[in-house]
Amino acid sequence: MDKSSDITELAKALNKAQSEMSGAAKSASNPFFKSKYADLNSVVDAVRIPFFENGLSYSQFPIMEDDKVGVETILMHTSGQYMQSKLLLPMVKKDPQAAGSAITYARRYALQAIAGIPAEDDDGNASVNSAVKSNKPGELEQSWITAIKNGANKLDDIEDAKFKSRIEFLLKQG
């Protein structure tokens, strides 16, 4: 993460905006998993007015590094203060459609993270616990597993210790 030397005004504005934001509505359907999820439009809808009313804006730029694609998200305040972060995802398939899907996925999660909003009625612990109990990997986990099995990426490329541990567990399962 990178930020301006002072983020006092940005922090105040984000605090106020977060008190006004609700979760992103889970209005899109995933037929493969037979579940609902908050798509990018729902996340944008959740932040749009609270950001505007508190002098906040964001921009997201597609980026590619090595065999990973994602976005750089910049949260800005009218004072000129900013915070920015990159989210890169492994490319399982190397074609424009796969890159576009990964960028959209990264945009959604990066914006939710930088704004500090959950998906509506989202209980991250419950979903992680149920995935661990059922040993079924999620979408991002499956992309890493497939990439590692195909030799496209190395397990050592995963920097998040908890996520890396989960992938190691799932790889041992089969």
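What you find for E20 and K16 is that their closest heavy atoms are OE2-NZ, 2.8 Å. Contact record, P62 with I103: CB-CD1, 3.8 Å, taken as the closest heavy-atom pair. Residue G70 comes nearest to A106 through the heavy atom pair CA-CB, 4.0 Å, listed as atom of the first residue, atom of the second, then distance.
Side chain to side chain, Q84 and E72 meet the donor-acceptor criterion of an N or O pair below 3.5 Å.
Residues V44 and Y58 have side chains in contact (heavy-atom distance under 4.5 Å, counting atoms from C-beta outward). Between F51 and L75, some side-chain heavy-atom pair lies under the 4.5 Å cut-off.
Atom-to-atom distance recorded for L40:CG and Q112:CD is 9.5 Å, nearest 0.5 angstrom. From I117, atom CD1 reaches atom CE of M21 across 6.0 Å, with rounding to the nearest 0.5 Å. Rounding to the nearest 0.5 Å gives a distance of 8.0 Å between OG of S5 and OH of Y82.
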- side chain to side chain contact (heavy atoms under 4.5 Å, CB included) evaluation trace for T73 with F61: CA-CA 7 Å; T73 302; F61 304 94; over 6 Å; no
- Message: Working note: D2 + M83, criterion side chain to side chain contact (heavy atoms under 4.5 Å, CB included); need CA distance, chi angles, decisive distance, verdict.
- Response: CA-CA 6 Å; D2 186 28; M83 293 188 311; over 6 Å; no
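In summary, K86 and E65 engage in a salt bridge, as defined by a charged side-chain N under 4.0 Å from a carboxylate O.
Cluster annotation: I7 is not connected to M76 through the hydrophobic network of ILVMFWY side chains, with a link wherever side-chain heavy atoms come within less than 4.5 Å. In this structure, I74 is not a member of the same hydrophobic cluster as V71, with clusters built from ILVMFWY side-chain heavy atoms closer than 4.5 Å.
A donor-acceptor distance shorter than 3.5 angstrom exists from the side chain of Q18 to the backbone of A115, with no hydrogens or angles considered. Under a 3.5 Å cut-off, the side chain of Q81 and the backbone N or O of S4 do not form any donor-acceptor pair. Looking only at distances, no side-chain donor or acceptor of N54 sits under 3.5 Å from a matching main-chain atom of L56. Between the side chain of E9 and the backbone N or O of S79, no donor-acceptor pair lies under 3.5 Å. Judged by distance alone, with hydrogens and angles left aside, the side-chain atoms of N15 form no donor-acceptor pair with the main-chain N or O of A11 at under 3.5 Å. Not a single donor-acceptor pair under 3.5 Å links the side chain of S101 to the backbone N or O of A98.
Remark: of the listed residues I63, L87, L88, L89, L88 is the sole one forming a side-chain contact (heavy atoms from CB on, under 4.5 Å) with K68.
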